[in-house]
Amino acid sequence: MGDPLPRDPIADARRNWERNGWADVAAPMAAITAIMRTQQILIARIEDVLKPLGLTFARYEMLALLSFARTGSLPMSKASALLQVHPTSVTNAVDRLEGAGYVTRTPHPTDGRTTLIELTDSGRALAEKATVALNAEVFGRSGFTGEDVDALLRILGDFRRQAGDFTE
């Protein structure tokens with residue numbers, strides 16, 4: 001990231017919306033834009049930590065998901081559902097991770113239509129190393145107070161539930 005801007009461009013955009021007769025949607029526009037900018041900042045921080053490890057966030061998520069699975073393996077379709085990404089994205093991540101020796105694909109023992117993704121020992125070690133680094137350098141230094149985190153989780157959780165992302 002470069003030098004900070006002298007003023008908040010999202011606040012400027014909000015004022016522009018209001019001046020142009022869109023005051024009723026100016027605040028939601030600014031909030032949505034702020035969320036998107038915040039995501040960019042957080043992804044950049046995460047990628048700065050993961051890049052030296054040869055990982056993207058998508059590949060890290062796959063390794064972390066597999067490391068939490070009881071057997072260290074999951075069907076590709078279940079991984080896609082749990083990560084909330086298209087199966088093509090899972091295939092791409094698995095291709096890269098398999099090429100690096102961090103996962104293997106194996107046929108499901110009882111369902112010939114299903115392929116399992118299995119974490120290798122080196123994949124488990126990398127997942128742990130990446131998690132320790134992310135915890136120390138990003139999650140442990142998020143820039144949010146505990147109250148902020150609780151409020152964000154409530155607000156964003158409510159939004160996601162209402163959008164049909166999950167049910168209770």
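Positions are given from 1 along the sequence.
- Remark: Thr114 OG1 to Lys78 NZ distance equals 12.0 Å, nearest 0.5 Å.
- Put simply, the side chain of Pro109 reaches to within 4.5 Å of the side chain of Leu116, judged on heavy atoms.
- The side-chain hydrogen bond (donor to acceptor under 3.5 Å, both in side chains) search around Tyr60 returns Thr131, not counting sequence neighbours.
- Phe159 CZ: 12 or fewer foreign heavy atoms inside a 6.0 Å radius.
- Considering only heavy atoms from C-beta on, Asp165 comes within 4.5 Å of Gln84 through its side chain.
- Distance check, rounded to the nearest 0.5 Å: CG of Leu97 to CD1 of Ile117 gives 9.0 Å.
- Between Val103 and Leu63 there is a side-chain heavy-atom pair separated by less than 4.5 Å.
- When the options Arg160, Arg161, Gln162 are evaluated for a side-chain hydrogen bond (donor to acceptor under 3.5 Å, both in side chains) with Asp158, the one that passes is Arg161.
- Not a single donor-acceptor pair under 3.5 Å links the side chain of Thr33 to the backbone N or O of Ala30.
- Remark: Asp121 CG to Arg124 CZ distance equals 7.5 Å, nearest 0.5 Å.
- Shown here is Glu147, whose CD atom has no more than 12 heavy atoms of other residues, nucleotides or ligands within 6.0 Å.
- Between Leu74 atom CG and His108 atom NE2 the span is 10.0 Å, to the nearest 0.5 Å.
- Checked against side chain to side chain contact (heavy atoms under 4.5 Å, CB included), Ile43 has the following partners two or more places apart in sequence or in another chain: Gln39, Glu47, Phe57.
- Heavy-atom contacts from other residues, nucleotides or ligands closer than 6.0 Å to CZ of Arg19 number more than 12.
- When all heavy atoms are compared, the tightest approach of Arg59 to Leu55 is CB-CD2, 4.0 Å.
- One finds the CD1 atom of Ile35 at 11.5 Å from the CG atom of Leu42 (value rounded to the nearest 0.5 Å).
- Among all heavy-atom pairs drawn from Pro87 and Ser80, the shortest one is N-OG, 3.5 Å.
- Taken from CG in Asn16 to CD1 in Ile10, the straight-line distance is 13.0 Å, to the nearest 0.5 Å.
- Under the 4.5 Å side-chain criterion, counting only non-hydrogen atoms from C-beta, Ile32 is in contact with Met36.
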